[in-house]
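The structure appears below as structure tokens.
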Amino acid sequence: MRFSALVSGLVALVSCHVTSAAAEIVKRASLTQVSNFGANTSGVKMYIYVPNSLATKPAIVVAVHYCTGTASAYYSGTPYAQLAEQYGFIVIYPESPYSGGCWDVSSPASLTHNGGGNSNSIANMVTYTISQYNADASRVFVTGTSSGAMMTNVLAATYPNMFKAASAYSGVPAGCFYTGTVNGWNSTCSNGQSIHTQAEWANTALNMYPGYTGARPKMLILHGSADTTLYPQNWNETMKQWSGVFGYTYGSPQKTLAQTPSSAYTRYVYGPYLEGIYGAGIGHSVPVMGAVDMEWFGITGGGAGGGTTSTTTTSAGTTLVTSSTKTSTSAATTTTAAVPGGCTAARWGQCGGIGFTGCTTCASPYTCQFSNNWYSQCL
Ligand SMILES: *[C@@H]1O[C@H](CO)[C@@H](O)[C@H](O)[C@H]1NC(C)=O
Ligand SMILES: *[C@@H]1O[C@H](CO)[C@@H](O)[C@H](O)[C@H]1NC(C)=O
Ligand SMILES: *[C@@H]1O[C@H](CO)[C@@H](O)[C@H](O)[C@H]1NC(C)=O
């Protein structure tokens with residue numbers, strides 16, 4: 001029913017210096033829950049981070065957590081809040097209402113524009129934030145990891161009118177997890193066995209908002225070749241889906257950039273609306289690349305195609321600035337701190353990875369299984 005992903009640890013986040021104006025709904029520079037953002041029939045929780053350095057007409061980044069994750073875990077495990085301080089945008093961290101912490105990317109409601117599912121609740125958070133903060137409706141972005149990447153693809157398909165750009169870390173195509181039930185798990189898809197034609201995948205996405213003919217978000221799809229939670233075929237299928245939507249020829253990128261944005265990865269540039277980043281030997285999940293996202297979203301300059309430098313923020317809290325054409329980055333030193341006194345992590349729980357400081361032993365009969373340098377899980 002659930003799997004999950006990377007991240008943990010990471011850097012002490014910017015906090016302090018509260019400068020809240022009377023009209024503001026939340027304290028600045030602090031992850032805060034918002035309880036009245038609009039219709040919320042699927043019960044998703046909304047958390048928001050408004051930086052001290054809020055821009056006059058701020059952009060919005062929606063950052064969607066992985067299974068077993070929370071808004072708080074994604075806030076502290078990814079660089080978006082620090083980047084918000086740097087660039088003045090607002091971050092929305094939605095939180096799954098389900099016990100496993102996965103997103104509903106399987107029901108007709110969530111896979112339909114204004115269908116009343118999780119995707120609808122998240123869209124309502126965006127609408128609310130735009131009006132509350134006079135945010136820039138033309139600069140709303142979405143990103144997510146694992147189940148959050150699935151939701152990122154679903155949001156791009158159900159609310160193409162709302163998002164300008166998206167980045168999906170280790171997800172599946174929009175609609176691939178369909179089961180007809182809420183919060184279902186489609187193992188055919190997770191195992192990489194849901195294989196369709198480009199036209200079929202494109203239509204699956206297009207049918208989530210029938211009749212819509214306007215602009216669509218540009219898509220950046222990241223995946224690792226050694227992913228055994230959401231098999232790597234899902235990268236190929238997702239590239240098929242969006243290349244179909246945008247009219248690119250699947251399998252014929254305009255540019256293929258080796259060792260970009262860092263040594264393990266190859267970046268495939270289909271055109272302005274679609275790029276893929278595929279990591280050789282990288283498992284589930286690809287670590288969040290804050291600088292790559294900022295560039296893809298147009299928050300920083302340079303444009304697509306793996307610019308000159310990129311910053312990879314690892315969950316260990318180190319920031320690795322690497323030239324796109326040079327090597328480095330490999331974070332092979334997995335250290336898992338033992339918890340004094342000992343404790344056990346539950347099934348599906350994280351039990352290791354760079355920067356992880358929680359329980360490293362799994363509750364019987366589960367064992368701690370290595371997924372990637374950043375993530376081991378009790379399975
Ligand atoms: C959405 O549902 C969650 C969970 O029931 C609740 O905490 C939150 O207050 C709701 N928000 C709105 C706007 O209804
Ligand atoms: C998963 O999706 C495939 C279609 O790609 C479908 O045939 C299958 O029935 C789905 N699995 C479940 C459990 O619904
Ligand atoms: C999926 O894409 C990767 C990266 O281009 C490639 O190595 C792999 O062969 C592709 N898989 C299939 C089944 O086409």
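The figures here come from the full heavy-atom set of this structure, side chains too, leaving out hydrogens, waters and symmetry mates. When a ligand or atom number is given, it counts from 1 through the structure's own listing order. For this chain, numbers begin at 1 and follow the sequence in order.
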Heavy-atom side-chain proximity of Thr129 to Phe37 below 4.5 angstrom | no
Considering only protein heavy atoms, determine whether one is less than 4.0 Å from atom 5 (O) of ligand 3.
-> yes
Contacting atoms of ligand 2, where contact means under 4.0 angstrom from a heavy atom of Ser194 = 5 (O)
Would His65 and Tyr74 count as a close aromatic pair, with their ring centres under 6.0 Å?
-> no
Neighbour count above 12 (heavy atom, 6.0 Å) for Lys164 NZ = no
Has Tyr273 got more than 12 heavy atoms of other residues, nucleotides or ligands less than 6.0 Å from its OH?
-> no
For atom 13 (C) of ligand 3, the protein heavy atom that lies nearest, with its residue and separation | Gln233 OE1, 3.3 Å
May I ask whether atom 11 (N) of ligand 2 is less than 4.0 Å from at least one protein heavy atom?
-> yes
Without hydrogens or angle criteria, can the side chains of Asp227 and Ser225 be said to hold a donor-acceptor pair below 3.5 Å?
-> no
Write out the residue and atom name of the closest protein heavy atom to atom 14 (O) of ligand 2, then the distance separating them to 0.1 Å.
-> Thr179 CA, 3.4 Å
Can you sort out which atoms of ligand 2 are near His196, meaning under 4.0 Å from one of its heavy atoms?
-> 5 (O)
Quick one: which of Ile195, Thr266, Asn236 has a heavy atom closest to atom 1 (C) of ligand 3?
-> Asn236
Where do Pro79 and Gly290 come nearest, in terms of heavy atoms and distance?
-> CG-CA, 3.9 Å
Pull out every atom of ligand 2 sitting under 4.0 Å from any heavy atom of Tyr178, numbered as shown with elements.
-> 1 (C), 2 (O), 10 (C), 14 (O)
In a single word, yes or no, tell whether Cys102 and Cys67 have an SG-SG distance below 2.5 angstrom.
-> yes
Report the C-alpha separation of Tyr250 and Glu237 in whole Å, then their side-chain angles, then the decisive distance to 0.1 Å, and conclude whether the side-chain hydrogen bond (donor to acceptor under 3.5 Å, both in side chains) test is met.
-> CA-CA 10 Å; Tyr250 173 70; Glu237 300 305 307; 5.8 Å; no
Quick check: does Tyr268 get an N/O under 3.5 Å from an N/O on ligand 3?
-> yes
What part of Asn186 sits under 4.0 Å from ligand 2 if we count only heavy atoms: the side chain, the backbone, both or neither?
-> side chain
Do me a favour and list the nearest non-hydrogen protein atom to atom 7 (O) of ligand 3 with residue, atom name and distance?
-> Tyr278 CE2, 4.4 Å
